[in-house]
Amino acid sequence: VQLQASGGGLVQAGASLRISCAATGRTLTMYGMGWFRQAPGKEREFVSAISWNGNTKYYAESVKGRFTTSRDNAKNTVYLQMNSLKPEDTAVYYCAPTFGTTLSQPLSGYWGQGTQVTVSS
């Protein structure tokens, strides 16, 4: 399976952006799917996750109330709507199938190409 994130870009603080992650080669509709990000010089961190049917969602405290994750299983795609963006949200964003109580643990070997999000102040 290949995961391709897209939709990133350069925006000003306070703006909104929606990024997508499409899976090809294999359906991931029965997996929880998570978003992660990695800023320069920092470790990759959990951002959000959504259950396989979209009924349950989890968010990191730093993005709660600003970011919303969703999925379209017919398109094998997950989305991350990011509102009220802050400079500290600047990072490369990745998606991956996840597991665990809060779906925050990524399955190894599924990292695909991320998408760069840059928020200017």
Side-chain angles (χ1 to χ4, degrees):
V1 61
Q2 291 191 344
L3 297 170
Q4 177 70 55
S6 62
L10 171 62
V11 298
Q12 290 189 330
S16 297
L17 202 60
R18 189 177 85 151
I19 58 177
S20 305
C21 180
T24 58
R26 178 182 173 185
T27 179
L28 295 178
T29 57
M30 294 307 296
Y31 288 87
M33 290 296 296
W35 283 98
F36 300 80
R37 66 187 182 186
Q38 187 167 21
K42 296 186 177 181
E43 293 191 354
R44 197 170 325 201
E45 65 175 358
F46 169 79
V47 175
S48 69
I50 185 169
S51 61
W52 70 272
N53 58 5
N55 287 347
T56 305
K57 303 176 183 181
Y58 301 94
Y59 298 95
E61 285 298 322
S62 59
V63 306
K64 198 172 290 185
R66 300 188 298 122
F67 290 12
T68 302
T69 186
S70 60
R71 66 190 298 164
D72 185 338
N73 284 341
K75 297 181 179 179
N76 222 17
T77 300
V78 292
Y79 305 95
L80 186 67
Q81 176 67 44
M82 303 181 291
N83 299 329
S84 302
L85 282 160
K86 304 176 180 181
E88 50 263 44
D89 295 318
T90 295
V92 178
Y93 285 71
Y94 303 86
C95 74
T98 57
F99 68 99
T101 305
T102 58
L103 297 177
S104 61
Q105 302 302 311
L107 287 173
S108 62
Y110 282 86
W111 297 115
Q113 186 171 354
T115 187
Q116 175 72 47
V117 173
T118 303
V119 185
S120 64
S121 57

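Both backbone and side-chain heavy atoms feed into the values below; hydrogens, waters and symmetry mates do not.
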*asked:* Testing the basics here: between G8 and V117, what is the closest heavy-atom pair and its distance to 0.1 Å?
replied: CA-CG2, 4.1 Å
_Set of residues satisfying side chain to side chain donor-acceptor pair (under 3.5 Å) with respect to S84, sequence neighbours excluded_ = none
*Rounded to the nearest 0.5 Å, how far apart are CE of M82 and OG of S48?*
10.0 Å
*State, to 0.1 Å, how close N55 and S51 come at their nearest heavy-atom pair, and which atoms those are.*
N-OG, 3.2 Å
_Quick one, R37 and V63 - any side-chain contact, counting heavy atoms below 4.5 Å?_
yes
*Answer with yes or no whether the hydrophobic clustering places W111 together with F46; edges join I, L, V, M, F, W, Y residues whose side-chain heavy atoms lie under 4.5 Å apart.*
yes
_Between V47 and L103, is there shared hydrophobic-cluster membership here, with clusters defined by ILVMFWY side-chain heavy atoms closer than 4.5 Å?_
no
*Report yes or no: does W52 contribute a side-chain atom to a donor-acceptor pair with the main-chain N or O of L28 at less than 3.5 Å?*
no
_For a 4.5 angstrom cut-off between non-hydrogen side-chain atoms, does L80 reach C95?_
no
*Given side chain to side chain contact (heavy atoms under 4.5 Å, CB included), test I19 with W35 step by step and report yes or no.*
CA-CA 10 Å; I19 58 177; W35 283 98; 3.5 Å; yes
*Considering non-hydrogen atoms only, spot the tightest contact between A39 and A91 and give its length.*
N-CB, 3.8 Å
*Any link between L3 and F99 through a network of hydrophobic side chains (Ile, Leu, Val, Met, Phe, Trp, Tyr) touching at under 4.5 Å?*
yes
*Decide yes or no for V92 and Q116: does some side-chain heavy atom of the first lie under 4.5 Å from some side-chain heavy atom of the second?*
yes
*Parallel under 30°, tilted from 30 to 60°, perpendicular over 60°: which one fits the rings of F67 and Y93?*
tilted
*Scan residues 2-23 for pairs that pass side chain to side chain donor-acceptor pair (under 3.5 Å), counting only residues two or more places apart or in two chains.*
S16-N83
*Provide the closest heavy-atom pair for S121 versus A13 in the form atom of the first, atom of the second, distance.*
CA-CB, 4.4 Å
*asked:* Count I, L, V, M, F, W, Y as connected when their side-chain heavy atoms are under 4.5 Å apart, and connections chain through other members. Are F36 and Y59 then in the same cluster?
replied: no
*Name the orientation class of the two ring planes belonging to Y31 and Y110 (parallel below 30°, tilted from 30 to 60°, perpendicular beyond 60°).*
tilted
_Atom CD of Q113 with >12 non-hydrogen neighbours under 6.0 angstrom_ = no
*Look at the side chain of Y94 and the backbone N and O of Q38, then say whether any donor-acceptor pair between them is shorter than 3.5 Å.*
no
*Ignoring hydrogens and angles, tell me if any N or O in the side chain of T118 forms a donor-acceptor pair with the backbone of L10 under 3.5 Å.*
no
*asked:* Using only atom types and a distance under 3.5 Å, with no angle test, would you say the side chain of S104 pairs donor to acceptor with the backbone of T102?
replied: no
_Please list all pairs meeting side chain to side chain donor-acceptor pair (under 3.5 Å) that have one or both residues in residues 63-74, counting only residues at least two apart or in different chains._
E61-K64, R66-D89, R71-N73
